[in-house]
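Encoded as structure tokens, the structure appears first; notes follow it.
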Amino acid sequence: MILLFYLAGAVALIATISVIVSTNVVHALVYLIISLLAVAVIFFVLGAPFAAMLEAIVYAGAIMVLFLFVMMMLNLGQATEDEEKAWLRPQLWVGPGLLILVLLVQLVNVLVTQQVDVVPVEVGVRELSVLLFGPWLLAVELASMLLLAGLIAAYHLAKK
Amino acid sequence: MPSIPYEHGLILAAILFVCGLIGVLTRRNIVFILMSLEIMLNACGLAFVVGSARWGHADGQIMFLMILTLAAAEVAVGLGLIIQMYRRFHTVDISVLSEMKG
Amino acid sequence: MLEWIGLLPAFPLAGFLALVLTRGKLPRRIAGVIGVGSVGLSFALAAAITVEFLGSDALSHTQVLWTWMSVGNFTPGFSFYLDGLTVVMLLIISGVGFLIHLYSTGFMADDPGFARFFSYMNLFVASMLVLVLADNLVLLYLGWEGVGLCSYLLIGFWYDNPANGYAARKAFVVTRVGDTSMAIGLFLLFQQLGTLNIQEILTLAPQQWSEGSGMVVAASALLLGGAVGKSAQLPLQTWLPDAMAGPTPISALIHAATMVTAGVYLIARTHVLFELAPSVQILVAFVGLATLLMAGFTALTQRDIKRILAYSTVSQIGYMFLALGVGAWSAAIFHLMTHAFFKALLFLAAGTVILSLHHEHDIFRMGGMRKKLPVAFWSFVIGSAALTALPFTSGFYSKDAILLAALEQPQYGTLLWLGGVLGAFLTAIYSFRLVFVAFFGDDHTQDAHAHHSDDHGHDDHHHGPVKEITGFVMAAPLVILGILSLVGGFITVPVDSVFGVHEEHHASTLVHGFMIAVPIFGVLISYLLYSGAPQGRVLQQWLKSMRESAFGGGLTRFWFSGWGMDALYNLLFVKPFVALAQLNRKDLIDQFYGLLVELARISNRAIVLTQTGYLRWYAISLIGGLVLVIGIGVWA
């Protein structure tokens, strides 16, 4: 189990790094899907099977497919890929990289202060649903409004 | 069940987050920027789920669901914008859209 | 009828509004009817009110219309006060004002600003009526300022010519000096007595202040400052001669019926204060004396027909101040009335002359107009006779009363009397100089334009044949005013109850005879000097040689410039002010604010640099901020 966690973590990390250095959009998307699926595995390991399934179905499935459709609509060809290669110069990475290294050090510094081991307790669909439609009902309604707004906005923006 | 060090999960989330951040900062292609944003959102979700497991409570997972919703809406609007941008400027280079400079 | 007193200023005000709101789009005939009719209605009402008031036993009548404002214990009302003094002023203002309005329909018939002219005139009359009707000093001040505003508008009526605008500004600014002094006086009175109601002030002042105490001296001196400004007395007299820039009927209105008499009215109205401050009261007398002599000498040298009349006004108001200063209140008001008659007559007649001669102002370019302008000629003769105080004209009785009252002044009586008699002598010379030069001798209208000073609005000098422009509307006021100038001396002004004394002055037959002889002697000298009569050749030669000598020429120039007062003020006030302004041209205080502006501009430029328009740049700054904040949170 613990091995599975580290393995999935390594896969997610590698896939994510491949996303941000890839020059081909479709390749990057596939790497991203892999990364998301790996995260789904981690969720499962952490005892959140419902979240894991949603990660696989909604994130890796629906959202990424949406990406893919749009990429096919735009039909970015070889020219874009060459462009990407020209843009991805190493010196471009220095400044942001340093800054982000500092940020990472800070985050880790905060996170490693307490040594607590997690014993995963499985939280099933039932408990989650009770919470969702109990105390979090308002948040659920708001989320639905957000989705509706996103729908309308996307329809309007993508219109010719 | 063997235990997993709590902070390892959070550190993974942090690393994924900064990877996304590097993507946002370095890429010029708006599609990659949007994807990097997705990575960052997903990392946040991971942190919430780890927290949920740490405290043995489902509230973190509910926050993950909210993030998922947010990501879906954001991607829909973002992709709509990308389509519109490509139609008008025939490029996905975000640097072209720098008309707002002072 | 008395309760309709509020309508008196309302009629001209309504006329003003009607003329202003139609923006000069009304036909001339209708505009003229509104302009003249509104003042005519006021006059009719004033006459009816006068009859009723004098018929009743009441000494005064107060009509509260509404409370103007209410701030703490300061509640000036919009209320009118009627007594004998007010009645006299009402009749003068509305009556003479009406005649001037009527005359103006003829005089201004061809002017493009016809309706505008009448709207200003109506507002002028309305303001003046408010001034004399006011029962508190705040309302009086409203009318006072309204009169000032209208004088500005009317003097600058022909605003196309910058000189006229300059004259208007000068009148406004110079009177403003006096107004400020008066405003401070009002503050002082309110602070000391807690009221600005005139009757309450007159009752409270003797109880609160002993005679000659500092406060009452200050208050009356400040009020005197206001009166001096409005009535064009020394040292604020410089605006009046320049006020001739406006159309001639305006000069008549300003000089005879309204504005300049406001100062006399103010002092008469608050006479109790001046009686409490004898030092200020005698100052009033000496201001009047100095002004009347100075203006008399100046008038001797003027060439412009309207400026001669202007200086004669300054001089006559000086007589009124002299009367006020020696406590002859009713004599002052009496002279105010007779002066209104004959000065309006003179100005309107001058208007006829000017119009008939195609806007010629210089009396030395007239001459021999006796036959060509008979109406104007006889008007001038009557008006000048009254001005000179020849026996049995109206001016004779009023000036007589003033001089006799001056003689009775205990301390300086003889001095004041002698000065006044000298002034009367000068008056005789300059007023008949005008008559003899303009209406006798040879015709000079066709002389070349050698020294023409163009100080009036119209430039249409097509010197056609001289033909008297007259008609019913222009001749009728002249005739009525001429009759009033002759018989006005038999009117008794019902002001004894206001001032609480009945003035009667007695003097020996010798003094009387002397005072009758002096003006006649003056007219005689004027005849010998200026009519070109052969008997006066010696005198004329002497005058000519005097004028050509260095001393005489200098004196003439000095007098001509109004005793150099304009130059003096230029030196004393204008020059230093301009110098200060030049010194502060960069506006030192503004520099500080300029610094703020510059700072904002620099920071703007700096911040604009950060607005690159690149998304990455914004994201990086965001992250930089994040790192900074977390860094502070973690390590600090």
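Order of the sequence lines fixes the chain letters, A, B, ..., with proteins taken first and strands second; residue numbering starts at 1 for each chain.
Heavy-atom minimum distance, A/Gly150 versus B/Ala76: O-CB, 4.2 Å. Contact between A/Tyr59 and B/Ala71 at its shortest, heavy atoms only, is OH-CB, 3.3 Å. Shortest non-hydrogen contact noted between B/Ile83 and A/Ala158 is CD1-CB, 4.3 Å. Minimum heavy-atom separation, A/Ile20 to B/Gly23: CG2-CA, 3.9 Å. Closest heavy-atom contact between A/Leu147 and B/Ala73: CD2-N, 4.2 Å. Minimum interatomic distance between B/Met66 and A/Val140 (heavy atoms only, all atoms of both residues): CE-N, 4.0 Å.
In this structure, the portion of A/Val58 lying under 4.5 Å from any heavy atom of chain B is its side chain and not its backbone. Residue contact with chain A, scored on non-hydrogen atoms closer than 4.5 Å, involves the backbone and the side chain of B/Ile22 alike. Of the two parts of A/Ile17, only the side chain, counted from C-beta on, holds a non-hydrogen atom closer than 4.5 Å to a non-hydrogen atom of chain B. Residue B/Glu38 touches chain A through both its backbone and its side chain, counting heavy-atom pairs closer than 4.5 Å. Only the side chain of B/Ser36 comes within contact range of chain A, with heavy atoms under 4.5 Å apart. For A/Ser129, no part lies under 4.5 angstrom from a heavy atom of chain B. Interface remark: A/Leu131 contributes backbone and side-chain atoms alike to the contact with chain B (heavy atom separation under 4.5 Å). Interface residue A/Leu107: only side-chain heavy atoms are found under 4.5 Å from chain B. Contact of A/Val25 with chain B is made through backbone and side chain together, with heavy-atom distances under 4.5 Å. Proximity to chain A involves both the backbone and the side chain of B/Leu70, based on heavy atoms less than 4.5 angstrom apart. Neither the backbone nor the side chain of A/Leu151 comes within less than 4.5 Å of any heavy atom of chain B. With a 4.5 angstrom heavy-atom cutoff, B/Val92 touches chain A only via side-chain atoms.
Rounded to the nearest 0.5 Å, atoms OG1 (B/Thr69) and CE (A/Met145) are 14.0 Å apart. Within the model, atoms CG of B/Leu65 and CZ of A/Phe50 stand 6.0 Å from one another, a figure rounded to the nearest 0.5 Å. Atom-to-atom distance recorded for A/Arg89:CZ and B/Thr26:OG1 is 12.0 Å, nearest 0.5 angstrom. In this structure, B/Phe32 CZ and A/Leu32 CG are separated by 10.5 Å, a value rounded to the nearest 0.5 Å. To the nearest 0.5 Å, the span separating CD on B/Gln61 from CG on A/Leu132 amounts to 9.5 Å. Note that CE of B/Met35 is 12.0 Å distant from OG1 of A/Thr16, once rounded to the nearest 0.5 Å.
Between A/Tyr6 and B/His8, the ring centre distance stays below 6.0 Å.
Considering only heavy-atom pairs separated by less than 4.5 Å from chain A, the leading option among B/Leu68, B/Val50, B/Ile11 is B/Leu68. Interface check for chain A: of the options B/Val18, B/Ile39, B/Val77, the most heavy-atom pairs under 4.5 Å are formed by B/Val18. By number of non-hydrogen pairs under 4.5 angstrom with chain A, the leading residue of B/Leu12, B/Ile62, B/Leu10 is B/Ile62. Of all the listed residues (B/Leu16, B/Asn42, B/Leu25), the one sharing the greatest number of non-hydrogen pairs under 4.5 Å with chain A is B/Asn42.
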Exercise. What do the steps show when you test B/Arg27 against A/Glu84 for salt bridge (Lys or Arg N to Asp or Glu O under 4.0 Å), and what is the final call?
Worked result: CA-CA 8 Å; B/Arg27 304 306 296 246; A/Glu84 285 293 333; 2.7 Å; yes
